[in-house]
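Reading through the structure tokens given below for one structure.
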Amino acid sequence: MNVLLLGSGGREHALANALAKSPLLGTLFAAPGNPGIAQVAKTVALDPCDEAAVVDFCRVMNIGFVVVGPETPLVAGIVDALEAAGVKALGPSRAAAQLEGSKGFAKELCRRCGIPTAAYARFTEAGTAKAYLRAQGTPVVVKTDGLAAGKGVIVAQSVEEAEAAVDQMLGGGFGAAGRSILVEEYLEGEEVSFFVLCDGSRALPFASAQDHKRVGEGDTGPNTGGMGAYSPAPIMDQALTERVMAEIVDPALHGMAEMSAPFKGVLFAGLMITSDGPKLIEFNVRFGDPEAQAILPRLDGDLLALLLACAEGRLSAQAPTFSAQSALTVVLAARGYPGTPQKGTEIRGLEKAEALPGVIVTQAGTRRESSRLIANGGRVLNVTGLGATLTEARERAYAGVDAIDWPAGFWRCDIGWRALKGE
Ligand code: AMP
Ligand code: GLY
């Protein structure tokens, strides 16, 4: 079977590596891909959001299955367009992708279905938003309703900071994504990224990871798309998994089915494990980035077969199995990220890192210029270490980072710190 993977980040490189191992695979295409993905797939210059072009490509190249990596094409309705053309795809319909596309929609679903989450209110007007947040006190969280690549969330420590976020978002700083905003109660606890495969009727826990969203050491500074991750998340034991399925995932899936928008694909629940139990921070409708880079190398078995079963509504009750190894991923970002990253700098030494035992390098914001590899985005590379313990995974990941010669990059040196305290 020919497969088309949509996307160009580190998550898609990790997906491509796993899909490429499948005995079911004919040719793997990736659109647009990146130089790392090009090592395992044929890359094609196609915009994942150009539905007509994607559908045409599938017809011409006899694509049997499309795996959609990022949220933007899902929220815009790529799966509806593909299915209407008779092409199978992994991911939710446009109606179901609103779970990620509109935080207000997800919060409304939580309210209707009794899903534990932070108290909130939604605003389109700055004066009322500010009056509400002043009444709440700090810390308080201000978010754009729409997609903002992980950057549309401000955890404000002061009223001034929260009010500035309201002005920036409602003032057009995030375009249409900020036309409506949410002001939320601040939740305290440990964060977990929890992934569930949903085939429309069955929901199967897939894996857990912990992500580091803040740009700075010690989880400080502005939010990013994610600066590193590790898997499994030690806090997410069997009992907590069952509780999250019963209190958060199952009610949400039931609620979506009741709205005639059944959810199919990868449901990513961003959780805060509070002293009152697990609460939902947000839903995403795809694998996490960089979580996928830490999770997928641990998967035993055939990812393509599993994702196909998910898309075809025939997931088995058998949970997917993972190696007993731990994985830890460090993101290398270009200076300036999450603001304006410096582009065009040269990266050397990837081969040295890749030759180390238990090290996998995935590429994200890179491009090739003849034989040179050039930084071309905010999050540029991911270095994953695999090891018998999280400590070993961490050592291997950072040995890989040290082998890379990229003076214009930066990374956090404390990925995994919470879990490592306990090892
Ligand atoms: P989101 O894009 O909604 O996942 O938010 C990005 C990050 O902001 C989360 O991963 C949390 O670290 C933080 N965050 C979002 N909402 C809250 C909240 N209500 N309380 C505490 N932290 C939050
Ligand atoms: N790492 C968080 C996300 O993928 O949204």
Side-chain angles (χ1 to χ4, degrees), residues 7 9-12 14-15 69-72 74-75 99-107 110 116-121 133 136-157 162 165 169 174 177-178 181-195 207-216 218-231 233 266-276 278-296 329-331 333 338 364 378-379 382 412 415 418:
R11 164 186 47 213
E12 286 75 27
L15 281 164
E71 60 276 19
T72 312
L74 291 168
V75 170
L99 271 181
E100 176 165 4
S102 165
K103 292 187 195 289
F105 174 91
K107 289 297 246 187
C110 289
T117 187
Y120 79 105
L133 72 84
Q136 299 304 304
T138 53
V140 68
V141 183
V142 186
K143 298 184 176 181
T144 59
D145 182 68
L147 297 180
K151 298 174 206 160
V153 175
I154 301 291
V155 179
Q157 300 300 329
M169 290 173 188
F174 287 87
I181 63 166
L182 270 62
V183 179
E184 271 185 28
E185 169 199 8
Y186 174 74
L187 296 176
E188 191 126 29
E190 201 167 325
E191 247 185 283
V192 178
S193 301
F194 178 56
F195 298 88
S208 66
Q210 265 170 299
D211 178 16
H212 294 264
K213 292 262 169 66
R214 304 298 193 94
V215 73
D219 296 322
T220 54
N223 267 321
T224 68
M227 292 300 291
Y230 50 98
S231 174
V266 179
L267 185 66
F268 165 178
L271 305 172
M272 191 69 89
I273 313 304
T274 73
S275 51
D276 284 345
K279 294 196 178 178
L280 182 78
I281 299 174
E282 66 163 1
F283 280 125
N284 297 307
V285 299
R286 37 120 192 131
F287 284 113
D289 186 340
E291 288 93 330
Q293 293 88 307
I295 290 172
L296 294 175
T329 300
V330 180
V331 171
R379 292 190 293 171
N382 311 271
R412 280 181 54 171
I415 300 303
R418 268 178 211 275

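Residue numbers start at 1 and run along the sequence shown. Remember, it's 1-based here, ligands and their atoms both numbered in the order they're listed. If you're wondering where the values come from, they're calculated on a predicted model, not measured in any experiment.
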Next on the checklist: To the closest 0.5 Å, what do you measure between CG (Asp211) and OH (Tyr230)?
Outcome noted: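 Spacing of CG (Asp211) from OH (Tyr230) equals 9.5 Å.
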Atoms in ligand 2 flagged as close to [X], the criterion being non-hydrogen separation under 4.0 Å:
X	answer
Gly225	1 (N), 2 (C)
Gly288	4 (O)
Lys213	2 (C)
Glu291	1 (N), 2 (C), 4 (O)

Next on the checklist: Looking only at distances, can you tell me whether any N or O atom of Glu185, backbone or side chain, sits closer than 3.5 Å to an N or O atom of ligand 1?
Outcome noted: yes
Next on the checklist: Tell me whether Ala118 has any N or O atom under 3.5 angstrom from an N or O of ligand 1.
Outcome noted: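 No - when backbone and side-chain N and O of Ala118 are compared with those of ligand 1, no distance drops under 3.5 Å.
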Checklist entry - Between Glu184 and Lys107, is there a salt bridge with N-O shorter than 4.0 Å? => result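 Answer for the salt bridge query: yes.
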Checklist entry - Are the charged groups of Glu282 and Lys143 less than 4.0 angstrom apart, N to O? => result no
Checklist entry - Strictly under 4.0 Å, does any heavy atom of Lys103 approach an atom of ligand 1? => result yes
Checklist entry - Okay, side chain of Thr224, backbone of Lys213: is any donor-acceptor separation there less than 3.5 Å? => result yes
Checklist entry - Does the Arg412 side chain pair with the main chain of Val215, one donor and one acceptor, at a distance under 3.5 Å? => result no
Contact partition for [X] relative to ligand 1, non-hydrogen atoms under 4.0 Å:
X	result
Glu191	side chain
Val141	side chain
Asn223	side chain

Item to check | Distance from atom 2 (C) of ligand 2 to nearest protein heavy atom, with residue and atom | outcome: Asp211 OD2, 3.4 Å
Checklist entry - What residue and atom, counting heavy atoms only, is the protein's closest point to atom 5 (O) of ligand 2, and at what distance? => result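 For atom 5 (O) of ligand 2, the nearest protein heavy atom is Arg286 NH2, 2.9 Å.
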Could you tell me, atom by atom, which parts of ligand 1 come under 4.0 Å of a heavy atom of [X]?
X	answer
Lys213	4 (O), 9 (C), 10 (O)
Tyr186	20 (N), 21 (C)
Ile281	3 (O), 4 (O), 15 (C), 16 (N)
Lys143	3 (O), 15 (C), 16 (N)
Glu282	1 (P), 2 (O), 3 (O), 4 (O)

Checklist entry - So, does Pro290 sit close enough to ligand 2 that a heavy atom of it is under 4.0 Å from the ligand? => result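 Flag set, Pro290 near ligand 2.
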Checklist entry - Do we see a donor-acceptor contact under 3.5 Å between the side chains of Ser193 and Glu291? => result yes
Next on the checklist: Could you tell me if Asn382 and Thr329 have a donor-acceptor pair between their side chains, going purely by distance under 3.5 Å?
Outcome noted: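 No, because no side-chain N or O of Thr329 sits under 3.5 Å from a partner of the opposite role on Asn382.
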Checklist entry - Between Phe287 and ligand 2, which residue portion shows a heavy-atom distance shorter than 4.0 Å: side chain, backbone, both, or neither? => result neither
Next on the checklist: Run Leu147 and Glu100 through side chain to side chain contact (heavy atoms under 4.5 Å, CB included) and show every step you take.
Outcome noted: CA-CA 8 Å; Leu147 297 180; Glu100 176 165 4; 3.8 Å; yes
